[in-house]
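Throughout, a chain's letter reflects where its sequence line sits, starting with A, and its residues are numbered from 1.
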Amino acid sequence: MKFATWNVNSLAVRLPQLLDWLAANPVDALVLQETKLTDDKFPTLEIGAAGYQVQWFGQKTYNGVALLSRKPATDVVKNILGFADEQARVIAGTVDGVRVIGAYFPNGQAPDSEKFVYKMGWLEALREWVRAELKTHERLVLMGDFNIAPEDRDVYDPVAWAGQIHCTPQEREHFQALLGLGLVDAFRLFEQPPKSWSWWDYRNLAFRKNQGLRIDHILVSEALRPHVKACEIDKQPRRNERPSDHAPVIVTLD
DNA sequence: ATGTCAGATGTTATCTGA
């Protein structure tokens, strides 16, 4: 079984790349972030023709998430239960007996900004909701664009990024608190190439210089942990013409 | 060099967000 996450930075632009990627990388479920589409514009026909069921939750211009799956997702939830939010950031569903939560965590902009305050509140609400989900779903995967680099080894220049957005102690504490619920970072279950990133800024030739951050993650519950066989970042789509700034992350379970 | 990309507004460019 394979699950994946990918921030596509506009599905309108990236749909051909998504379809190419799915053809080359058949997965059981894939969550997308930053679709940037209102629900009436979502490309259901094209994704259906590729052999995937899909649930989607979007808004104009910003954010927007989707859950693609080979088998239909059940008990679909949009956004964090009990957290009033005008931003479309979360979609969850049960696929093949696994609770799949796809999330586009707030960026936070800067540690002294209002958007950072929103990020902290959102993270708190997410944690309490995931805690509840784990009580009813032993087999659970939380994946998406976390906009958090959990450790210095997830940052190409940790000195320059110290205390900056994605790397603040407060964000890293929230990441650890999610692990404290009984989740594990699937990527770190395996030896990985050094300087493994999932995002590279479009500017500064960052991809060519491999200057990036690992901010896209797949967390799996303790019940799933013994079944995790691999976890990889697929850099290939970042080499495309007009790429997303993020690469997909894939987890393989037996 | 805050150096690119995407979407929106409303142009033949400027703003916001990432």
Colleague: Starting from the 5' end of DNA chain B, give me the residue, A/P243 or A/Y104, whose nearest nucleotide shows up first.
Modeller: A/P243

Colleague: Among B/dG3, B/dA6, B/dA8, which nucleotide has an atom closest to any side-chain atom of A/R14?
Modeller: B/dA6

Colleague: Are A/K2 and A/T252 close enough that a side-chain donor and a side-chain acceptor fall under 3.5 Å?
Modeller: yes

Colleague: Check the distance between B/dT16's P and A/K115's NZ and give it to me in whole angstrom.
Modeller: 10 Å

Colleague: Counting any heavy atom closer than 4.0 Å, what does A/F207 reach on the DNA or RNA strands: base, sugar-phosphate only, or nothing?
Modeller: nothing

Colleague: Pick the C1' atom in B/dT2 and in B/dG17, then give their distance to the nearest Å.
Modeller: 13 Å

Colleague: Would you kindly give the CG-to-P distance between A/N9 and B/dG17, to the nearest whole Å?
Modeller: 15 Å

Colleague: Just compare B/dT4, B/dA18, B/dA8 and give me whichever is closest to any side-chain atom of A/T61.
Modeller: B/dA8

Colleague: What's the closest nucleotide to the side chain of A/V13 if the choices are B/dA8, B/dG7, B/dT4?
Modeller: B/dG7

Colleague: Round to a whole Å and report the spacing from CG of A/L15 to C1' of B/dA6.
Modeller: 16 Å

Colleague: Going by the angle between their ring planes, with limits at 30° and 60°, are A/Y118 and A/F83 parallel, tilted or perpendicular?
Modeller: tilted

Colleague: Remember a base hit wins even if backbone is also touched, and classify A/N107 as base, sugar-phosphate or nothing at under 4.0 Å, heavy atoms.
Modeller: sugar-phosphate

Colleague: If you only use heavy atoms from C-beta on, which nucleotide in B/dA6, B/dA18, B/dT9 is closest to the side chain of A/R203?
Modeller: B/dA18

Colleague: Say you pick atom P in B/dG3 and the same atom in B/dA8; how far apart are they, in whole Å?
Modeller: 23 Å

Colleague: Does A/N240 use its side chain to pair, donor to acceptor, with the backbone of A/P243 at less than 3.5 Å?
Modeller: no

Colleague: With clusters built from Ile, Leu, Val, Met, Phe, Trp and Tyr whose side-chain heavy atoms come within less than 4.5 Å, directly or transitively, what are the remaining members of the cluster of A/V54, listed by chain and number?
Modeller: A/W6, A/V8, A/L11, A/L15, A/L18, A/L19, A/W21, A/L22, A/V27, A/L30, A/L32, A/L37, A/F42, A/I47, A/Y52, A/W56, A/L68, A/I250

Colleague: Counting side-chain heavy atoms from CB outward, which of B/dG17, B/dA18, B/dA6 is closest to A/R242?
Modeller: B/dA6

Colleague: Given B/dG7, B/dC5, B/dA18, which nucleotide is nearest the side-chain atoms of A/R89?
Modeller: B/dA18

Colleague: Rounded off to whole Å, could you give me the CD-to-P distance for the A/Q164 and B/dA18 pair?
Modeller: 16 Å

Colleague: Would you kindly compare A/K36 and A/Q87 by the position of their nearest DNA chain B nucleotide and give the one closer to the 5′ end?
Modeller: A/K36

Colleague: Does any N or O in the side chain of A/R238 come within less than 3.5 Å of the main-chain N or O of A/W200, such that one atom is a donor and the other an acceptor?
Modeller: yes

Colleague: Distance check needed: B/dG3 P versus A/L205 CG, whole Å only.
Modeller: 13 Å

Colleague: For the pair made of CH2 in A/W161 and P in B/dA18, what is the distance, rounded to whole Å?
Modeller: 13 Å

Colleague: Just the rounded figure in Å: distance from C1' of B/dA18 to CZ of A/F146.
Modeller: 18 Å

Colleague: Expressed as a whole number of angstroms, how long is the span from A/W200:CH2 to B/dT2:C1'?
Modeller: 21 Å

Colleague: Using a cut-off of strictly less than 4.0 Å, decide whether A/K60 has a side-chain nitrogen or oxygen near OP1 or OP2 of B/dG7.
Modeller: no

Colleague: Taking only the P atom of each, what is the distance from B/dC15 to B/dG10 in whole angstrom?
Modeller: 13 Å

Colleague: With salt bridge (Lys or Arg N to Asp or Glu O under 4.0 Å) as the criterion, how do A/R172 and A/E151 come out once you've worked through the C-alpha distance, each side chain's angles and the decisive distance to 0.1 Å?
Modeller: CA-CA 7 Å; A/R172 287 177 169 178; A/E151 300 176 45; over 6 Å; no

